[in-house]
Amino acid sequence: MLDKTYRPQEVEQRIYDAWEASGAFGADVTSNARPYCIMIPPPNVTGSLHMGHALTFTIQDILIRYHRMNGRDTLWQSGADHAGIATQMVVERQLAEQGVTRHDLGREKFVEKVWDWKAESGGTINKQLRRLGASLDWSRERFTMDDGLCEAVNKVFVDLYKQGLIYKDKRLVNWDPKLHTAISDLEVEQRESKGQMWHFRYPVEGQEGKYLVVATTRPETMLGDTAVAVHPDDERYRDLVGKKVKLPLVGRLIPIIADEYADPEKGTGAVKITPAHDFNDFEVGRRHDLKMINIFDRDAKLNENAPEAYRGMDRFEARKKIVSEMDSLGLFEKVEDNDMTLPYGDRSGVIVEPWLTDQWYVDAKTLAKPAIEAVETGKTVFVPKHWENTYFEWMRNILPWCISRQLWWGHQIPAWYGPDGAFFVDYTEDAARAAAEQHYGKSVELTRDPDVLDTWFSSQLWPFSTLGWPEQTEELKRYYPTDVLVTGFDIIFFWVARMMMAGLHFMGDVPFRTVYIHALVRDEQGQKMSKSKGNVIDPLDLIDRYGADSLRFTLAALAAQGRDIKLAESRVEGYRNFTTKLWNAARFTQMNGCKAETGFDPAACTLTVNKWIVGKVFEAAREATRAIEAYRFNEAANALYQFTWGTFCDWYLEFTKPIFDADDEAAIHETRAATAWALDQILKLLHPMMPYVTEELWAQLADSRASLLIVEPWPAFADSLLDPAAMAEMDFVVRLISDIRAVRAEMNVPPGAKVALF
RNA sequence: GGGCGCGUAGCUCAGUGGGAGAGCACCUCGUUGACAUCGAGGGGGUCGCAAGUUCAAUCCUUGCCGCGCCCACCA
């Protein structure tokens, strides 16, 4: 006999272990079944399960379990991302506690430390994913820095280089002065900020007492000014073009140039040009062949190109000093408040600095073309569709992708430098050496480029690198392109777009047929969850208290398309009650001797009430199927919830009571079988969303039957199962009883008292 | 500046060209038998505002207001 309540804490672990041990999660590359593949968005190796993970992996697991039950050979590829910056920061922080920096250790030792850290702490999220019930193929777990994946990264880099799609360039990058690395545009976060705009007088050369007034939000960069620009049509300054101003504090003479970049409406109409420290100024500098004077070091402190008094000074201190110096020279005109957005590094939280460095770039514009076309022609479809606009918008305006990072943890760039700085990019050091020898006519000392690649450079290969590429494996042939990618909108640019580009370029086909973009999970008030706000709901805590199934079902029920999920704990509680309800319904059937009967034919039921529940099962199954196929998980969840509670428990089980209490053996027999059958269908239908409780009930309701997960097909029925006459009759009875109850309530008829209706 | 999404019951959210819904919360009644993590019943909403299309609009169109997000720019 079943216990009175379901206690998930006591069964989940055991069930998961049994599933995993059975090998049922594994893909079978030799199978004749149609494949179905989802690539897990590899969580950061530093990660631990947060609510966003819980949502995305629940959805993926629902899809995987659903298709597995439908007989597909499912591959849900597991693995983790090495997460360059994030991981390096974690390990550096640990070292800092011991008063050690990575430079004290040296590169090799440091990287060793990171691997040690990974071995010890890197598996956290995988344990947590198991608790959620995720049926990933753990046997194929990959890491973005596995040997095979490293080889793929290496090949992609060298191939693209040889195709002219990767190149080295000296230009401005977003420099993170805290982490001492370049970052890509996407890793820069624009934040609103109240700034100020200062107006300074630059004395015009040879015209005593005449000034050109420039406005700037960044006074400290004036030390690197190499021109002042005015608009060619600006009457106010026309006579000054071609003349020079004397840069205060520095003494350098810099030209006044005409360039359309200067906007007469903004500031004073005259803009100082600092080509080495501003993206727009850089372009102006290129057009006018201006000198580029770099005045910052890697910490964004003033360097030797600044006047002596400023050297070594932090950029913001320098700003104050410059303003006060200009003031005392009588060259400060005014300052006004100015709202602006400032660029912050998304990892470091400090303001990034445009800085002139040598970096490696991908020609994303070229790679984007087929990726745009693939979505335009529907080879890959976004669900919901409107995310395609976001994708197009970014892809059509894509800029070169800076892929080199000045870090130690990651894929080191396969480029080697000769003594004179000439470089050789090749698949192996030997090949590079050979190329160098040919170039120099002798063997020379080579040094490898110390930089590593942006983490996303390797994750963009995930859909095929995990399948063994560049080897032409059976897996690659079988599972690529994958069926669906499930992810949040926040990484459409970082990851989805880049997988599209890489997949099309190297595999000649899209990496996935469908991209399902789900919502963000927010707190009850709609705030983004964050540690600093203290509003984080920990999915593991919810699993502890309510069970994994309750959390999963809640997330599925709230996962409507096109809206963020505001998670209220009361919802989880409500769905926990649902699992209890289901459990007790099963207990009821057990108490009444209902057992699954082999060979039971639902179409052969004779009692109207049984025909009715068979028809209702049919309708629920049809609706759940339709909803899951359409990625409408909330509709599937609600349909099954309403059917299980509102139809099966509230009505059908009540109707069976008088049958079981009477002594019509034939009726009792049929009803027992029908009840057991209907409940079995419910367990199967709920299994993708609530795998644990359904598996436990499946095992307890009949002796020695095999795991629900392993053998049971998803319920699909012929239309003939629906008996319209029985459905109409019973629906009428249900409505009639409801009405009678309402009337009795309205008339205040005491329970048990009889009332005549006319 | 460009784009996207959202405003439905006290709260969290579904939904549809023709009856306005669910869960939670609230009120009334009910515990010997599947389930109080429950059952039966109930109160509560001019579906953001305005105009238009339509026999009919919460739903379609336009405008406005409010909220959120993304991208770009920012001397």
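Throughout, a chain's letter reflects where its sequence line sits, starting with A, and its residues are numbered from 1.
- Under the side chain to side chain contact (heavy atoms under 4.5 Å, CB included) rule, A:Ile257 has a single partner from A:Thr226, A:Val241, A:Val284, which is A:Val284.
- Listed candidates were B:rA34, B:rG39, B:rC73. Nearest to the side chain of A:Asp650 is B:rG39.
- With C1' as the reference atom, B:rG48 and B:rG5 are 16 Å apart, rounded to whole Å.
- Spacing between B:rU32 and B:rA9 at atom C1', rounded to whole Å, works out to 38 Å.
- There is no side-chain donor-acceptor pair under 3.5 Å between A:Tyr6 and A:Asn584.
- By the 4.5 Å heavy-atom criterion applied to side chains, A:Val572 and A:Arg545 are not counted as neighbours.
- Regarding contacts with the backbone of B:rC38, a side-chain N or O of A:Asn577 is found under 4.0 angstrom from either OP1 or OP2.
- Nearest-nucleotide positions on RNA chain B place A:Trp387 closer to the 5' end than the other of A:Trp387 and A:Thr390.
- When the P atom is used for both B:rU46 and B:rC59, the distance is 16 Å, rounded to whole Å.
- Nucleic acid contact for A:Asp263: base, since at least one base atom lies under 4.0 Å from a heavy atom of the residue.
- For the side chain to side chain contact (heavy atoms under 4.5 Å, CB included) criterion with A:Leu356, the lone passing option out of A:Ile293, A:Val173, A:Leu172 is A:Leu172.
- Of the candidate nucleotides B:rC35, B:rC74, B:rA14, B:rC74 has the atom nearest to the side chain of A:Met340.
- We find the CZ-CD1 distance between A:Arg315 and A:Ile322 to be 13.5 Å, quoted to the nearest 0.5 Å.
- At a threshold of 4.0 angstrom between heavy atoms, the contacts of A:Ala229 with the nucleic acid are absent.
- As rounded to the nearest Å, B:rC38 and B:rC69 have C1' atoms that lie 42 Å from one another.
- Residue-level contact check: A:Gln642 touches the backbone only, with heavy atoms under 4.0 Å from sugar-phosphate atoms and none from bases.
- Among the nucleotides B:rC38, B:rG15, B:rC35, the one closest to the side chain of A:Asn634 is B:rG15.
- Judged by distance alone, with hydrogens and angles left aside, A:Glu654 brings no side-chain donor or acceptor close enough to the base of B:rA40 to form a pair under 3.5 Å.
- Across every strand in view, B:rC47 sits unpaired, with no contact that passes the Watson-Crick or G-U test at under 3.5 angstrom.
- Taking the side chain of A:Met591 as heavy atoms from C-beta on, and the options B:rA34, B:rG39, B:rU37, the nearest nucleotide is B:rA34.
- In this structure, B:rA34 makes no Watson-Crick or G-U wobble pair, since no nucleotide meets both defining distances under 3.5 angstrom.
- The closest side-chain heavy-atom distance from A:Thr644 to A:Lys581 is not below 4.5 Å.
- The side chain of A:Trp583 places no N or O atom within less than 4.0 Å of a non-bridging phosphate oxygen (OP1 or OP2) of B:rC38.
- Picking from B:rC70, B:rG39, B:rG23 the nucleotide with the shortest atom distance to the side chain of A:Phe493 gives B:rC70.
- When the nucleotides B:rC74, B:rG15, B:rG39 are ranked by their closest atom to the side chain of A:Glu635, B:rG15 comes out on top.
- Under 4.0 angstrom from either OP1 or OP2 of B:rA34 there lies at least one side-chain N or O belonging to A:Lys657.
- In the model, A:Glu187 has a side-chain atom that pairs as donor or acceptor with a side-chain atom of A:Ser184 under 3.5 Å.
- With both ends at atom C1', the span from B:rC49 to B:rC27 equals 33 Å, rounded to whole Å.
- Checking B:rA14, B:rU37, B:rC73 against every side-chain atom of A:Thr580, the shortest atom distance belongs to B:rU37.
- Spacing of C1' atoms, B:rG19 relative to B:rG2, comes out at 42 Å, to the nearest Å.
- Look at B:rG19: it lacks any Watson-Crick or wobble partner with both distances under 3.5 angstrom.
- B:rG1 is paired with B:rC71 under the Watson-Crick or G-U wobble criterion, all donor-acceptor distances under 3.5 Å.
- Listed nucleotides B:rA14, B:rU37, B:rA34 differ in distance to A:Lys581; the shortest reach to its side chain belongs to B:rA34.
- Proximity note for A:His386 (side chain, C-beta onward) versus B:rC35, B:rC24, B:rG5: the nearest is B:rG5.
- In terms of phosphate contacts, A:Tyr261 brings a side-chain nitrogen or oxygen within less than 4.0 Å of OP1 or OP2 of B:rC74.
- Applying the 4.0 Å criterion to OP1 and OP2 of B:rC35, one finds that A:Lys4 has a side-chain N or O inside that range.
- Under the Watson-Crick or G-U wobble criterion, with both distances below 3.5 Å, B:rG7 is paired with B:rC65.
- Annotation: of the two residues near RNA chain B, A:Trp645 and A:Arg218, the 5′-most nearest-nucleotide partner is A:Trp645.
- A:Tyr6 comes within 4.0 angstrom of nothing in the nucleic acid, heavy atoms only.
- Between A:Asp278 atom CG and B:rC73 atom P there is a gap of 11 Å when expressed in whole angstrom units.
- One donor-acceptor pair, N or O on each side, does fall under 3.5 Å between the base of B:rC73 and the side chain of A:Thr341.
- Atom CZ of A:Arg632 and atom P of B:rG15 are 7 Å apart (whole Å).
- Taking atom P in both B:rU16 and B:rG10, the straight-line distance is 23 Å, to the nearest Å.
- Closest to the A:Arg571 side chain, of the nucleotides B:rG23, B:rA36, B:rC69, is B:rG23.
- What separates CD of A:Glu265 from C1' of B:rC73 is a distance of 15 Å, to the nearest Å.
- Within the shown strands, B:rU28 is the pairing partner of B:rA40 under the Watson-Crick or G-U definition, both distances less than 3.5 Å.
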